[in-house]
Student: 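Questions regarding the structure given below will be posed in turn.
Sequence lines set the chain letters: A, B, ... in the order given, protein chains first and strands last, and positions in each chain run from 1.
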Protein chains: 2
Amino acid sequence: MTESGGRSRTAILQNIAEVFRQYGYEGASLSRFTAATGLGKGSLYNFFPEGKKQMAAEVLEHIQQWFDAEIFSPLETEEDPKVGLTAMFEGTEQYFRSGQKICLMGLLALSVDTAFAVQIRNYFLRWQESLSQALQRQGCSKSNAVDLAEEIVSGIQGALVLAHARGEADVFKRRLVSFKVRLDLPAGHYDERQ
Amino acid sequence: MTESGGRSRTAILQNIAEVFRQYGYEGASLSRFTAATGLGKGSLYNFFPEGKKQMAAEVLEHIQQWFDAEIFSPLETEEDPKVGLTAMFEGTEQYFRSGQKICLMGLLALSVDTAFAVQIRNYFLRWQESLSQALQRQGCSKSNAVDLAEEIVSGIQGALVLAHARGEADVFKRRLVSFKVRLDLPAGHYDERQ
DNA sequence: GTCTATATAGGGATAGAC
DNA sequence: GTCTATCCCTATATAGAC
(Lines give C-alpha, C1' and ligand atoms only; values in the text may rest on other atoms or scores of the structure.)
Protein backbone atom coordinates (compact mmCIF):
# COMPACT_ATOMS: atom_id res chain seq x y z
CA MET A 1 0.00 0.00 0.00
CA THR A 2 2.74 2.43 -0.97
CA GLU A 3 1.86 6.02 -1.68
CA SER A 4 3.20 8.32 -4.37
CA GLY A 5 3.14 11.98 -3.62
CA GLY A 6 0.04 11.48 -1.52
CA ARG A 7 -1.88 9.69 -4.29
CA SER A 8 -2.74 6.08 -3.61
CA ARG A 9 -2.79 3.41 -6.26
CA THR A 10 -6.53 3.13 -5.62
CA ALA A 11 -7.07 6.81 -6.47
CA ILE A 12 -5.05 6.42 -9.66
CA LEU A 13 -7.02 3.32 -10.61
CA GLN A 14 -10.25 5.25 -10.16
CA ASN A 15 -9.03 7.98 -12.53
CA ILE A 16 -8.03 5.33 -15.04
CA ALA A 17 -11.35 3.51 -14.67
CA GLU A 18 -13.19 6.69 -15.51
CA VAL A 19 -11.24 7.00 -18.77
CA PHE A 20 -12.06 3.41 -19.73
CA ARG A 21 -15.72 4.03 -18.94
CA GLN A 22 -15.90 7.18 -21.02
CA TYR A 23 -13.93 6.08 -24.06
CA GLY A 24 -13.97 2.28 -24.01
CA TYR A 25 -10.86 0.14 -24.11
CA GLU A 26 -9.70 1.11 -27.60
CA GLY A 27 -10.45 4.77 -27.07
CA ALA A 28 -8.63 4.98 -23.75
CA SER A 29 -5.24 6.46 -24.62
CA LEU A 30 -2.12 7.20 -22.63
CA SER A 31 -2.60 10.91 -23.15
CA ARG A 32 -6.10 10.62 -21.66
CA PHE A 33 -4.68 8.70 -18.73
CA THR A 34 -2.10 11.40 -18.13
CA ALA A 35 -4.81 14.05 -18.23
CA ALA A 36 -7.03 12.10 -15.84
CA THR A 37 -4.32 11.14 -13.36
CA GLY A 38 -1.96 14.09 -13.59
CA LEU A 39 0.89 11.62 -14.09
CA GLY A 40 3.29 11.54 -17.05
CA LYS A 41 3.63 8.53 -19.30
CA GLY A 42 6.83 7.51 -17.58
CA SER A 43 5.12 7.45 -14.21
CA LEU A 44 2.21 5.44 -15.56
CA TYR A 45 4.59 2.82 -16.91
CA ASN A 46 6.35 2.80 -13.59
CA PHE A 47 3.03 1.91 -11.92
CA PHE A 48 1.84 -0.41 -14.67
CA PRO A 49 4.85 -1.91 -16.51
CA GLU A 50 2.62 -3.86 -18.86
CA GLY A 51 0.77 -0.73 -19.89
CA LYS A 52 -2.85 -0.48 -20.87
CA LYS A 53 -3.63 -4.18 -20.51
CA GLN A 54 -2.45 -4.16 -16.93
CA MET A 55 -4.35 -0.99 -16.15
CA ALA A 56 -7.60 -2.50 -17.39
CA ALA A 57 -6.99 -5.78 -15.59
CA GLU A 58 -6.35 -3.99 -12.29
CA VAL A 59 -9.36 -1.73 -12.75
CA LEU A 60 -11.58 -4.77 -13.28
CA GLU A 61 -10.03 -6.48 -10.27
CA HIS A 62 -10.76 -3.38 -8.21
CA ILE A 63 -14.37 -3.31 -9.35
CA GLN A 64 -14.77 -6.98 -8.57
CA GLN A 65 -13.50 -6.46 -5.04
CA TRP A 66 -15.85 -3.56 -4.44
CA PHE A 67 -18.88 -5.55 -5.54
CA ASP A 68 -17.70 -8.59 -3.57
CA ALA A 69 -17.57 -6.57 -0.38
CA GLU A 70 -20.56 -4.27 -0.86
CA ILE A 71 -23.04 -6.33 -2.88
CA PHE A 72 -22.26 -10.01 -3.32
CA SER A 73 -21.15 -10.92 0.20
CA PRO A 74 -24.13 -9.21 1.89
CA LEU A 75 -26.46 -11.08 -0.47
CA GLU A 76 -24.89 -14.36 0.64
CA THR A 77 -24.31 -13.78 4.34
CA GLU A 78 -27.00 -11.43 5.66
CA GLU A 79 -29.35 -13.49 7.79
CA ASP A 80 -32.40 -11.63 6.53
CA PRO A 81 -32.28 -11.85 2.74
CA LYS A 82 -34.31 -8.63 2.50
CA VAL A 83 -31.40 -6.79 4.09
CA GLY A 84 -28.97 -8.09 1.48
CA LEU A 85 -31.38 -7.40 -1.37
CA THR A 86 -32.02 -3.86 -0.19
CA ALA A 87 -28.28 -3.29 0.14
CA MET A 88 -27.83 -4.57 -3.41
CA PHE A 89 -30.26 -2.09 -4.90
CA GLU A 90 -28.97 0.81 -2.83
CA GLY A 91 -25.36 -0.05 -3.58
CA THR A 92 -26.12 -0.47 -7.26
CA GLU A 93 -27.94 2.84 -7.48
CA GLN A 94 -25.09 4.64 -5.74
CA TYR A 95 -22.32 2.91 -7.66
CA PHE A 96 -23.81 3.75 -11.04
CA ARG A 97 -24.75 7.21 -9.83
CA SER A 98 -28.42 6.57 -10.48
CA GLY A 99 -27.73 5.63 -14.08
CA GLN A 100 -25.26 8.35 -15.02
CA LYS A 101 -22.25 6.04 -14.81
CA ILE A 102 -22.01 2.93 -16.95
CA CYS A 103 -20.88 -0.57 -16.04
CA LEU A 104 -17.35 -1.15 -17.30
CA MET A 105 -17.82 -4.92 -17.07
CA GLY A 106 -20.87 -4.66 -19.30
CA LEU A 107 -19.17 -2.35 -21.77
CA LEU A 108 -16.15 -4.61 -22.16
CA ALA A 109 -18.43 -7.64 -22.42
CA LEU A 110 -19.70 -6.26 -25.73
CA SER A 111 -16.25 -6.22 -27.33
CA VAL A 112 -14.92 -9.33 -28.98
CA ASP A 113 -11.58 -9.01 -27.25
CA THR A 114 -11.12 -12.08 -25.14
CA ALA A 115 -8.44 -10.65 -22.87
CA PHE A 116 -10.78 -9.93 -19.94
CA ALA A 117 -13.43 -12.54 -20.68
CA VAL A 118 -12.72 -14.56 -17.53
CA GLN A 119 -12.91 -11.58 -15.17
CA ILE A 120 -16.11 -10.34 -16.79
CA ARG A 121 -17.73 -13.75 -16.78
CA ASN A 122 -16.89 -14.33 -13.11
CA TYR A 123 -18.30 -10.96 -12.12
CA PHE A 124 -21.68 -11.67 -13.66
CA LEU A 125 -21.78 -15.29 -12.52
CA ARG A 126 -21.07 -14.25 -8.95
CA TRP A 127 -23.71 -11.53 -9.08
CA GLN A 128 -26.35 -13.92 -10.35
CA GLU A 129 -25.34 -16.70 -7.96
CA SER A 130 -25.31 -14.53 -4.84
CA LEU A 131 -28.60 -12.92 -5.84
CA SER A 132 -30.13 -16.32 -6.50
CA GLN A 133 -29.10 -17.49 -3.03
CA ALA A 134 -30.79 -14.51 -1.38
CA LEU A 135 -33.96 -15.06 -3.40
CA GLN A 136 -34.07 -18.72 -2.38
CA ARG A 137 -33.74 -17.80 1.27
CA GLN A 138 -36.61 -15.40 0.71
CA GLY A 139 -38.79 -18.34 -0.36
CA CYS A 140 -38.21 -18.70 -4.12
CA SER A 141 -37.81 -22.18 -5.54
CA LYS A 142 -34.35 -22.80 -6.92
CA SER A 143 -35.38 -22.67 -10.57
CA ASN A 144 -37.43 -19.52 -10.04
CA ALA A 145 -34.59 -17.89 -8.13
CA VAL A 146 -32.03 -18.68 -10.82
CA ASP A 147 -34.30 -17.32 -13.51
CA LEU A 148 -35.29 -14.21 -11.59
CA ALA A 149 -31.66 -13.48 -10.71
CA GLU A 150 -30.74 -13.70 -14.38
CA GLU A 151 -33.59 -11.37 -15.22
CA ILE A 152 -32.53 -8.80 -12.63
CA VAL A 153 -28.81 -8.88 -13.44
CA SER A 154 -29.47 -8.51 -17.15
CA GLY A 155 -32.23 -5.99 -16.44
CA ILE A 156 -29.80 -3.74 -14.59
CA GLN A 157 -27.39 -3.82 -17.52
CA GLY A 158 -30.16 -3.05 -19.97
CA ALA A 159 -31.38 -0.20 -17.80
CA LEU A 160 -27.92 1.35 -17.96
CA VAL A 161 -27.82 1.00 -21.74
CA LEU A 162 -31.27 2.49 -22.20
CA ALA A 163 -30.69 5.30 -19.72
CA HIS A 164 -27.63 6.41 -21.68
CA ALA A 165 -29.30 5.90 -25.05
CA ARG A 166 -32.22 8.07 -24.01
CA GLY A 167 -30.08 10.52 -22.12
CA GLU A 168 -32.42 10.11 -19.17
CA ALA A 169 -30.94 8.68 -16.01
CA ASP A 170 -34.48 8.32 -14.66
CA VAL A 171 -34.91 5.25 -16.84
CA PHE A 172 -32.39 3.48 -14.63
CA LYS A 173 -34.12 4.53 -11.44
CA ARG A 174 -37.51 3.38 -12.75
CA ARG A 175 -36.20 -0.07 -13.64
CA LEU A 176 -34.68 -0.51 -10.19
CA VAL A 177 -37.93 0.54 -8.55
CA SER A 178 -39.80 -1.94 -10.72
CA PHE A 179 -37.58 -4.79 -9.52
CA LYS A 180 -37.85 -3.70 -5.90
CA VAL A 181 -41.64 -3.71 -6.13
CA ARG A 182 -41.60 -7.24 -7.54
CA LEU A 183 -39.45 -8.37 -4.63
CA ASP A 184 -41.64 -6.70 -2.00
CA LEU A 185 -38.84 -4.39 -0.97
CA PRO A 186 -39.36 -0.80 0.13
CA ALA A 187 -39.19 1.09 -3.16
CA GLY A 188 -38.71 4.57 -1.80
CA HIS A 189 -40.34 7.45 -3.60
CA TYR A 190 -41.92 6.27 -6.81
CA ASP A 191 -43.29 8.94 -9.10
CA GLU A 192 -45.81 7.08 -11.24
CA ARG A 193 -45.66 8.56 -14.72
CA GLN A 194 -48.79 10.47 -15.70
CA MET B 1 -28.71 2.30 -56.30
CA THR B 2 -25.45 2.18 -58.20
CA GLU B 3 -23.32 -0.92 -58.04
CA SER B 4 -19.57 -1.24 -57.82
CA GLY B 5 -18.07 -4.35 -59.29
CA GLY B 6 -21.21 -6.23 -58.32
CA ARG B 7 -21.08 -5.09 -54.68
CA SER B 8 -23.93 -2.93 -53.55
CA ARG B 9 -23.59 -0.12 -51.07
CA THR B 10 -25.81 -2.13 -48.75
CA ALA B 11 -23.43 -5.08 -48.80
CA ILE B 12 -20.50 -2.78 -48.06
CA LEU B 13 -22.40 -1.15 -45.20
CA GLN B 14 -23.06 -4.59 -43.73
CA ASN B 15 -19.33 -5.40 -43.78
CA ILE B 16 -18.60 -2.06 -42.15
CA ALA B 17 -21.31 -2.56 -39.56
CA GLU B 18 -19.76 -5.85 -38.56
CA VAL B 19 -16.43 -4.10 -37.90
CA PHE B 20 -18.11 -1.48 -35.72
CA ARG B 21 -19.92 -4.20 -33.82
CA GLN B 22 -16.77 -6.21 -33.17
CA TYR B 23 -14.37 -3.40 -32.31
CA GLY B 24 -16.53 -0.45 -31.30
CA TYR B 25 -16.30 2.98 -32.86
CA GLU B 26 -12.76 3.81 -31.69
CA GLY B 27 -11.44 0.34 -32.46
CA ALA B 28 -12.88 0.29 -35.98
CA SER B 29 -9.94 1.26 -38.19
CA LEU B 30 -9.57 1.88 -41.88
CA SER B 31 -7.37 -1.17 -42.22
CA ARG B 32 -10.10 -3.29 -40.65
CA PHE B 33 -12.63 -1.81 -43.03
CA THR B 34 -10.42 -2.68 -46.00
CA ALA B 35 -10.06 -6.24 -44.73
CA ALA B 36 -13.81 -6.59 -44.16
CA THR B 37 -14.91 -5.03 -47.45
CA GLY B 38 -12.06 -5.97 -49.75
CA LEU B 39 -11.84 -2.32 -50.75
CA GLY B 40 -8.76 -0.09 -50.49
CA LYS B 41 -8.73 3.11 -48.48
CA GLY B 42 -9.13 5.18 -51.62
CA SER B 43 -12.28 3.31 -52.59
CA LEU B 44 -13.71 3.65 -49.12
CA TYR B 45 -13.21 7.42 -49.23
CA ASN B 46 -14.81 7.46 -52.64
CA PHE B 47 -17.92 5.86 -51.12
CA PHE B 48 -17.78 7.81 -47.89
CA PRO B 49 -16.03 11.17 -48.44
CA GLU B 50 -16.42 12.13 -44.79
CA GLY B 51 -14.72 8.94 -43.63
CA LYS B 52 -15.45 7.01 -40.51
CA LYS B 53 -18.10 9.37 -39.17
CA GLN B 54 -20.13 9.02 -42.34
CA MET B 55 -19.73 5.25 -42.35
CA ALA B 56 -21.09 4.99 -38.83
CA ALA B 57 -23.94 7.40 -39.54
CA GLU B 58 -25.00 5.44 -42.62
CA VAL B 59 -24.73 2.13 -40.80
CA LEU B 60 -27.00 3.44 -38.05
CA GLU B 61 -29.42 4.80 -40.64
CA HIS B 62 -29.46 1.39 -42.31
CA ILE B 63 -30.19 -0.35 -39.02
CA GLN B 64 -32.97 2.12 -38.25
CA GLN B 65 -34.62 1.44 -41.60
CA TRP B 66 -34.47 -2.32 -41.11
CA PHE B 67 -36.12 -2.08 -37.69
CA ASP B 68 -38.68 0.40 -38.98
CA ALA B 69 -39.78 -2.00 -41.69
CA GLU B 70 -39.46 -5.33 -39.88
CA ILE B 71 -40.24 -4.51 -36.25
CA PHE B 72 -41.64 -1.07 -35.52
CA SER B 73 -44.15 -0.71 -38.34
CA PRO B 74 -45.71 -4.17 -37.79
CA LEU B 75 -46.09 -3.33 -34.10
CA GLU B 76 -48.00 -0.19 -35.04
CA THR B 77 -50.05 -1.34 -38.01
CA GLU B 78 -50.88 -5.03 -37.60
CA GLU B 79 -54.55 -5.28 -36.74
CA ASP B 80 -53.97 -8.09 -34.28
CA PRO B 81 -51.33 -6.80 -31.84
CA LYS B 82 -50.27 -10.39 -31.13
CA VAL B 83 -49.09 -10.68 -34.72
CA GLY B 84 -46.90 -7.59 -34.40
CA LEU B 85 -45.56 -8.68 -31.03
CA THR B 86 -44.73 -12.16 -32.30
CA ALA B 87 -43.01 -10.64 -35.32
CA MET B 88 -41.00 -8.40 -32.99
CA PHE B 89 -39.64 -11.29 -30.97
CA GLU B 90 -38.94 -13.43 -34.03
CA GLY B 91 -37.29 -10.55 -35.86
CA THR B 92 -35.23 -9.63 -32.83
CA GLU B 93 -34.05 -13.18 -32.30
CA GLN B 94 -33.05 -13.51 -35.93
CA TYR B 95 -31.42 -10.09 -36.17
CA PHE B 96 -29.21 -10.65 -33.16
CA ARG B 97 -28.57 -14.23 -34.24
CA SER B 98 -30.07 -15.57 -31.03
CA GLY B 99 -27.72 -13.48 -28.93
CA GLN B 100 -24.47 -13.99 -30.80
CA LYS B 101 -24.58 -10.56 -32.44
CA ILE B 102 -24.68 -7.39 -30.36
CA CYS B 103 -26.77 -4.25 -30.81
CA LEU B 104 -24.65 -1.49 -32.34
CA MET B 105 -27.11 1.14 -31.12
CA GLY B 106 -26.71 -0.14 -27.58
CA LEU B 107 -22.94 -0.35 -27.83
CA LEU B 108 -22.60 3.22 -29.08
CA ALA B 109 -25.08 4.40 -26.47
CA LEU B 110 -22.52 3.49 -23.81
CA SER B 111 -19.86 5.78 -25.25
CA VAL B 112 -19.74 9.36 -24.17
CA ASP B 113 -19.40 10.60 -27.74
CA THR B 114 -22.42 12.66 -28.63
CA ALA B 115 -22.07 12.41 -32.41
CA PHE B 116 -24.77 9.77 -32.86
CA ALA B 117 -26.85 10.54 -29.81
CA VAL B 118 -29.89 11.66 -31.80
CA GLN B 119 -30.02 8.57 -34.02
CA ILE B 120 -29.55 6.28 -31.04
CA ARG B 121 -32.17 8.05 -28.97
CA ASN B 122 -34.73 7.98 -31.77
CA TYR B 123 -34.18 4.27 -32.36
CA PHE B 124 -34.95 3.38 -28.75
CA LEU B 125 -37.81 5.87 -28.43
CA ARG B 126 -39.48 4.46 -31.55
CA TRP B 127 -39.02 0.91 -30.33
CA GLN B 128 -40.59 1.69 -26.99
CA GLU B 129 -43.38 3.77 -28.49
CA SER B 130 -44.39 1.22 -31.13
CA LEU B 131 -44.22 -1.58 -28.58
CA SER B 132 -46.29 0.43 -26.15
CA GLN B 133 -48.97 0.97 -28.80
CA ALA B 134 -49.24 -2.76 -29.50
CA LEU B 135 -49.47 -3.52 -25.79
CA GLN B 136 -52.25 -0.99 -25.37
CA ARG B 137 -54.21 -2.52 -28.22
CA GLN B 138 -53.75 -5.84 -26.48
CA GLY B 139 -55.54 -4.44 -23.44
CA CYS B 140 -52.84 -2.82 -21.32
CA SER B 141 -53.57 0.51 -19.72
CA LYS B 142 -51.44 3.31 -21.10
CA SER B 143 -49.21 3.64 -18.05
CA ASN B 144 -48.75 -0.12 -17.80
CA ALA B 145 -47.95 -0.35 -21.50
CA VAL B 146 -45.35 2.41 -21.35
CA ASP B 147 -43.69 0.83 -18.36
CA LEU B 148 -43.76 -2.70 -19.75
CA ALA B 149 -42.40 -1.50 -23.09
CA GLU B 150 -39.53 0.19 -21.31
CA GLU B 151 -38.87 -2.98 -19.37
CA ILE B 152 -38.82 -5.14 -22.50
CA VAL B 153 -36.68 -2.81 -24.60
CA SER B 154 -34.13 -2.45 -21.82
CA GLY B 155 -34.43 -6.15 -21.01
CA ILE B 156 -33.44 -7.09 -24.55
CA GLN B 157 -30.37 -4.88 -24.34
CA GLY B 158 -29.40 -6.36 -21.00
CA ALA B 159 -29.89 -9.87 -22.32
CA LEU B 160 -27.40 -9.13 -25.10
CA VAL B 161 -24.88 -7.77 -22.61
CA LEU B 162 -25.23 -10.73 -20.28
CA ALA B 163 -25.18 -13.29 -23.07
CA HIS B 164 -21.84 -11.93 -24.27
CA ALA B 165 -20.46 -11.53 -20.76
CA ARG B 166 -21.26 -15.14 -19.95
CA GLY B 167 -20.30 -16.41 -23.38
CA GLU B 168 -23.67 -18.19 -23.50
CA ALA B 169 -26.06 -17.10 -26.21
CA ASP B 170 -28.77 -19.14 -24.48
CA VAL B 171 -29.09 -16.36 -21.93
CA PHE B 172 -30.55 -14.18 -24.67
CA LYS B 173 -33.01 -16.84 -25.80
CA ARG B 174 -34.19 -17.46 -22.24
CA ARG B 175 -34.89 -13.76 -21.64
CA LEU B 176 -36.93 -13.51 -24.83
CA VAL B 177 -38.94 -16.59 -23.87
CA SER B 178 -39.57 -15.07 -20.47
CA PHE B 179 -41.04 -11.93 -22.04
CA LYS B 180 -43.13 -13.92 -24.49
CA VAL B 181 -44.62 -15.95 -21.65
CA ARG B 182 -45.54 -12.77 -19.80
CA LEU B 183 -47.32 -11.48 -22.91
CA ASP B 184 -49.21 -14.73 -23.51
CA LEU B 185 -47.45 -15.28 -26.80
CA PRO B 186 -46.46 -18.73 -28.09
CA ALA B 187 -43.01 -19.20 -26.60
CA GLY B 188 -41.85 -22.03 -28.83
CA HIS B 189 -39.68 -24.75 -27.33
CA TYR B 190 -38.66 -23.82 -23.82
CA ASP B 191 -36.13 -26.06 -22.13
CA GLU B 192 -36.73 -25.38 -18.46
CA ARG B 193 -33.40 -25.56 -16.70
CA GLN B 194 -33.09 -28.58 -14.37
C1' DG C 1 9.19 8.24 -8.70
C1' DT C 2 8.78 11.67 -12.04
C1' DC C 3 9.70 13.85 -16.07
C1' DT C 4 11.28 14.74 -21.15
C1' DA C 5 12.91 13.03 -25.19
C1' DT C 6 12.70 9.51 -28.59
C1' DA C 7 11.60 5.19 -31.28
C1' DT C 8 8.41 2.69 -33.91
C1' DA C 9 3.98 1.60 -35.51
C1' DG C 10 -0.56 2.60 -36.98
C1' DG C 11 -4.27 5.95 -37.16
C1' DG C 12 -7.26 9.02 -40.56
C1' DA C 13 -7.14 11.30 -44.65
C1' DT C 14 -5.63 13.10 -49.45
C1' DA C 15 -3.52 13.15 -54.20
C1' DG C 16 -2.93 11.34 -58.26
C1' DA C 17 -1.83 7.37 -61.49
C1' DC C 18 -4.42 3.95 -63.83
C1' DG D 1 -13.98 3.37 -59.28
C1' DT D 2 -9.84 1.39 -57.60
C1' DC D 3 -5.36 1.35 -56.21
C1' DT D 4 -0.63 3.00 -54.26
C1' DA D 5 2.02 6.47 -52.26
C1' DT D 6 2.30 9.86 -49.10
C1' DC D 7 1.27 13.29 -45.34
C1' DC D 8 0.57 14.39 -40.68
C1' DC D 9 -0.87 13.10 -36.36
C1' DT D 10 -1.39 10.24 -32.40
C1' DA D 11 -0.70 5.72 -30.40
C1' DT D 12 2.13 2.61 -27.30
C1' DA D 13 6.31 1.91 -25.31
C1' DT D 14 11.23 2.72 -23.89
C1' DA D 15 15.49 5.15 -22.29
C1' DG D 16 17.65 7.95 -19.50
C1' DA D 17 18.20 12.53 -17.02
C1' DC D 18 16.88 14.42 -12.65
Student: Measure from OH on A:Tyr23 to C1' on D:dT10 and round the result to the nearest Å.
Tutor: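 Distance check: A:Tyr23 OH to D:dT10 C1' gives 15 Å.
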
Student: Using atom types as modelled and distance alone, determine if a side-chain donor or acceptor of A:Ser43 lies under 3.5 Å from a backbone N or O of A:Leu39.
Tutor: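 A pair under 3.5 Å: no.
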
Student: For residues 79-89 of chain A, dump all side-chain donor-acceptor pairs below 3.5 Å to protein atoms at least two apart in sequence or in another chain.
Tutor:
unit_1, atom_1, unit_2, atom_2, d
A:Asp80, OD1, A:Lys82, N, 3.0
A:Thr86, OG1, A:Lys82, O, 2.8

Student: Taking only side-chain nitrogens and oxygens of A:Ser31, does any of them come within less than 4.0 Å of OP1 or OP2 of D:dA11?
Tutor: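 Yes, A:Ser31 has a side-chain N/O under 4.0 Å of OP1/OP2 on D:dA11.
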
Student: Answer with base, sugar-phosphate or nothing: what part of the nucleic acid does A:Gly42 contact at a heavy-atom distance below 4.0 Å?
Tutor: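 It contacts base atoms.
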
Student: Let me know the distance between CG of B:Asn46 and C1' of C:dT14, rounded to the nearest Å.
Tutor: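 Value for this atom pair: 13 Å.
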
Student: Nearest whole angstrom, please: distance from the P of C:dG12 to the CD1 of B:Ile16.
Tutor: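 Computing the B:Ile16:CD1 to C:dG12:P distance gives 12 Å.
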
Student: Within the structure shown, what part of the strands sits under 4.0 Å from B:Gly38 by heavy-atom distance: base, sugar-phosphate, or nothing?
Tutor: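 Sugar-phosphate: the residue B:Gly38, judged by heavy atoms under 4.0 Å, touches backbone atoms but no base.
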
Student: If I take atom CD in residue A:Glu26 and atom P in nucleotide D:dT10, what distance separates them, rounded to the nearest angstrom?
Tutor: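 Going from CD in A:Glu26 over to P in D:dT10 covers 18 Å.
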
Student: Would you check if the side chain of A:Arg9 reaches a backbone N or O of A:Phe47 as a donor-acceptor pair within less than 3.5 Å?
Tutor: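 Indeed, once roles are kept as given, a pair shorter than 3.5 Å links the two residues.
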
Student: Does B:Tyr45 place a side-chain N or O at less than 4.0 Å from the phosphate oxygens OP1/OP2 of C:dA13?
Tutor: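 For C:dA13, OP1/OP2 do have a side-chain N/O of B:Tyr45 under 4.0 Å.
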
Student: Can we say B:Lys52 and B:Glu26 salt-bridge, meaning some charged N sits less than 4.0 Å from an Asp/Glu carboxylate O?
Tutor: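 So B:Lys52 does not pair with B:Glu26 through a salt bridge.
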
Student: With a distance cut-off below 6.0 Å to the six-membered ring centre and an angular limit of 45° from the axis, does B:Arg32 pair with B:Tyr23 as a cation-pi contact?
Tutor: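 Yes - B:Arg32 lies over the ring of B:Tyr23, closer than 6.0 Å to its centre and within 45° of its axis.
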
Student: For A:Tyr25 and D:dA11, what is the distance between atoms OH and P respectively, to the nearest whole Å?
Tutor: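 So the OH-P distance, A:Tyr25 to D:dA11, works out to 14 Å.
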
Student: C:dT4 C1' sits how many Å from A:Leu39 CG, rounded?
Tutor: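 Atom-to-atom, A:Leu39 to C:dT4, this comes out as 15 Å.
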
Student: What's B:Ser43 touching, base or sugar-phosphate or nothing? Going by heavy atoms closer than 4.0 Å.
Tutor: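 Base: the residue B:Ser43, judged by heavy atoms under 4.0 Å, touches a nucleobase.
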
Student: How many Å lie between CG on B:Leu44 and C1' on C:dA13, as a whole number?
Tutor: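 B:Leu44 atom CG is separated from C:dA13 atom C1' by 12 Å.
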
Student: If I take atom CG in residue B:Leu30 and atom C1' in nucleotide D:dC9, what distance separates them, rounded to the nearest angstrom?
Tutor: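 From B:Leu30 CG to D:dC9 C1': 14 Å.
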
Student: Applying a 4.0 Å non-hydrogen cut-off, can you work out what B:Lys52 is touching in the nucleic acid: base, sugar-phosphate, or nothing?
Tutor: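 If one applies the 4.0 Å heavy-atom cut-off, B:Lys52 turns out to touch the sugar-phosphate alone, with no base involved.
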
